[in-house]
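What you see is a predicted model; the values in this text were computed from it and never measured.
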Amino acid sequence: MELKKYKLGEILDVTRGASLSGEFYATEGKYIRLTCGNFDYQNNCFKENKSKDNLYYIGDFKPEFLMEEGDIITPLTEQAIGLLGSTAIIPESGKYIQSQDVAKIICKEELLDKDFAFYLISSTLVKQQLSAAAQQTKIRHTSPDKIRDCTVWIPELTEQKRIGKLLRSLDRKIELNRAINQNLEAMAKQLYDYWFVQFDFPNEEGKPYKSSGGEMLWNDKLKRNIPVGWHCGNLFEIAVFTNGLACQKFRPKDDEMPLPVIKIREMHDGISVDTEEVTSNIPESVKVYNGDVLFSWSASLEVMLWAYGLGGLNQHIFKVTSANDFPKSFYYFQLLDYVNVFKKMAEARKTTMGHITQDHLQQSTIAIPDNKDIADKFEELISPIFKQIVKLQEEISNLIKQRDELLPLLMNGQITIE
């Protein structure tokens, strides 16, 4: 496959967004201002920025800065290492305003396919050039001119379209799987709330317990009514919390198969080439398998179903397993709910909940049925959903691996699409 050399400015245009005055930032509004927080640079896709309070803009702006569905954007400021050169696609029209921290990529259609351009801008070749040219200020940044000045080698337009179509089809399948998983998680959480927060689990006649007049009693510790036959317990009554190892003390030997170290970063992004390794000769209690429940208790308070393959658990993360034979779905959602309690406690005190101690878990207060049959019935409904979530995440990981292996080979002409 023949590749032709270009400066990016010869095959596309780059426009900077509007300078949006801070006096018009708001916590609510019709339009969302795009920032660097809208780039998921690990997965190279668009994300809703929930890290800032002021996401909305209520001032005037030129219509040209209102983004359309399918527009390609790239950041001009590097607020995280590796962010420069990331790309994202606007998910819907008439909602997002292009700010001055974000550039819009406009392809010259007779020379550059739009889908191909999405991967070209985020390729290692372009990222390296942008990183090298970034000004060494407190926050590294680039500019439309520096993007236009990057050198690339690309195939003719027909081949670009084939490459772009293949890669986008993989990404669309990844996006679809993620959307399905979000819906499955939301559905499971809604059912949990219905059964164990509103107490409308099925009674002996299959009717909603509380709504059908089921007897309730006030509990002083919980400060609420709970069903008769339930009591106030703590998280230790339903779950065992096993802390990970200081994995740097357990490095693998040359002659053994290592395991990836699961840290908070891996909880967010899965296993990567940058993931550290630990010996496989660690206790079974700190080995993590797909479907295990993890709880990061330091710095970032998060609960998740692990689905990225066998690994070794690092310190600052609990592996959560059953106590007193309570099922996974019950202790998973009880813990998920209580993490929100910890966060609200910190917010009320205007502090950051730096970490969760054994005392915090001991002092937790949750409503627990004396007879765990109701938890087992809930597990029968939720277990297939959990299995589907894990299966879809495994498929996402395989698709990402396939895409990432194909991407450089396709972009530099080592393989072609027939």
Side-chain angles (χ1 to χ4, degrees), residues 39-45 78 80-86 122-125 127-128 131 170 174 177-178 181 239-321 328 332 335 354-356 386-387 389-409 414:
F39 293 88
D40 182 344
Y41 69 97
Q42 295 286 353
N43 297 303
N44 209 51
C45 62
E78 185 169 61
I81 298 300
L83 187 62
L84 292 184
S86 298
S122 59
S123 67
T124 301
L125 175 63
K127 282 192 169 191
Q128 287 174 343
S131 181
L170 291 173
I174 292 168
N177 279 8
R178 285 188 176 130
N181 264 356
V240 176
F241 297 83
T242 304
N243 195 22
L245 301 173
C247 287
Q248 69 271 19
K249 299 179 181 179
F250 299 87
R251 295 301 184 202
K253 297 177 181 178
D254 293 338
D255 60 346
E256 66 182 11
M257 184 68 69
L259 294 177
V261 176
I262 299 171
K263 297 184 177 183
I264 291 175
R265 183 179 68 175
E266 280 69 30
M267 285 181 66
H268 289 158
D269 306 318
I271 306 300
S272 72
V273 294
D274 299 321
T275 296
E276 296 176 19
E277 293 180 332
V278 65
T279 176
S280 56
N281 294 317
I282 54 175
E284 186 68 20
S285 62
V286 290
K287 289 182 179 178
V288 178
Y289 297 86
N290 283 354
D292 283 347
V293 176
L294 301 184
F295 169 33
S296 60
W297 55 265
S298 178
S300 173
L301 306 183
E302 297 176 60
V303 181
M304 73 169 296
L305 282 175
W306 178 256
Y308 297 104
L310 177 62
L313 191 64
N314 197 60
Q315 59 186 346
H316 305 301
I317 302 175
F318 287 128
K319 177 179 174 180
V320 188
T321 52
K328 180 190 298 183
Y332 171 83
L335 179 58
H355 62 276
I356 298 301
F386 277 5
K387 288 178 181 177
I389 289 171
V390 170
K391 180 181 177 182
L392 287 170
Q393 183 55 58
E394 289 171 345
E395 186 173 315
I396 288 171
S397 297
N398 289 332
L399 288 168
I400 289 174
K401 183 174 183 291
Q402 182 182 358
R403 180 200 64 195
D404 291 348
E405 289 175 350
L406 281 173
L407 184 56
L409 300 176
Q414 286 181 261

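Side chains of Lys127 and Leu84 form no contact here, defined as non-hydrogen atoms less than 4.5 Å apart. Residues Gln393 and Ile396 form a side-chain contact, since some pair of their non-hydrogen atoms from C-beta on lies under 4.5 Å apart. You'll find the side chain of Phe295 stays beyond 4.5 Å of the side chain of Glu302, heavy atoms only. Between Trp306 and Leu313, the closest side-chain pair of non-hydrogen atoms is not below 4.5 Å. The shortest side-chain heavy-atom distance between Val303 and Val320 does not fall under the 4.5 Å cut-off. Residues Glu276 and Glu266 form no side-chain contact, since every pair of their non-hydrogen atoms from C-beta on lies 4.5 Å or further apart. Side-chain contact check for Tyr332 versus Phe386: some heavy-atom pair is nearer than 4.5 Å. For the pair Leu259/Val288, no side-chain contact is recorded, criterion being any heavy-atom separation below 4.5 Å from C-beta on.
Between Gly270 and Thr275, the shortest heavy-atom distance links the atoms O-OG1, 4.3 Å. For the residue pair Glu395 and Asn177, the shortest heavy atom distance occurs at OE2-ND2, 3.2 Å. Taking both residues in full, the closest heavy atoms of Tyr308 and Ser397 are given as CD2-OG, 3.5 Å, listed atom of the first, atom of the second, then distance. Taking all atoms of both residues into account, the shortest heavy-atom contact from Pro252 to Glu277 is CD-O, 3.6 Å. Of all non-hydrogen atoms in Lys328 and Leu305, the two that sit nearest each other are CD-CD2, 4.1 Å. Leu301 and Ser298 get closest at one heavy-atom pair: CD2-N, 4.4 Å.
To the nearest 0.5 Å, the span separating CG on Leu407 from CD1 on Ile400 amounts to 12.5 Å. Between atom CD of residue Gln402 and atom CG of residue Leu170 there is a gap of 5.0 Å, rounded to the nearest 0.5 Å. To the nearest 0.5 angstrom, Leu83 atom CG is 10.0 Å from Asp40 atom CG. Rounded to the nearest 0.5 Å, atoms CG (Leu399) and CG (Asp404) are 10.5 Å apart. Taking OG1 of Thr242 as the reference point, atom CG of Leu294 lies at 11.0 Å (rounded to 0.5 Å). Note that CZ of Phe241 is 5.0 Å distant from CG of Leu335, once rounded to the nearest 0.5 Å.
There is no side-chain donor-acceptor pair under 3.5 Å between Glu256 and Ser280.
The pair Lys401-Glu405 meets the salt-bridge criterion, with a side-chain N (NZ, NE, NH1 or NH2) lying under 4.0 Å from an Asp/Glu carboxylate O.
With sequence neighbours excluded, no residue forms a side chain to side chain donor-acceptor pair (under 3.5 Å) with Asn181.
No side-chain donor-acceptor contact under 3.5 Å links Asn314 to the backbone of Ile262.
Dense packing is recorded around NZ of Lys287, with more than 12 heavy atoms of other residues, nucleotides or ligands lying under 6.0 Å away.
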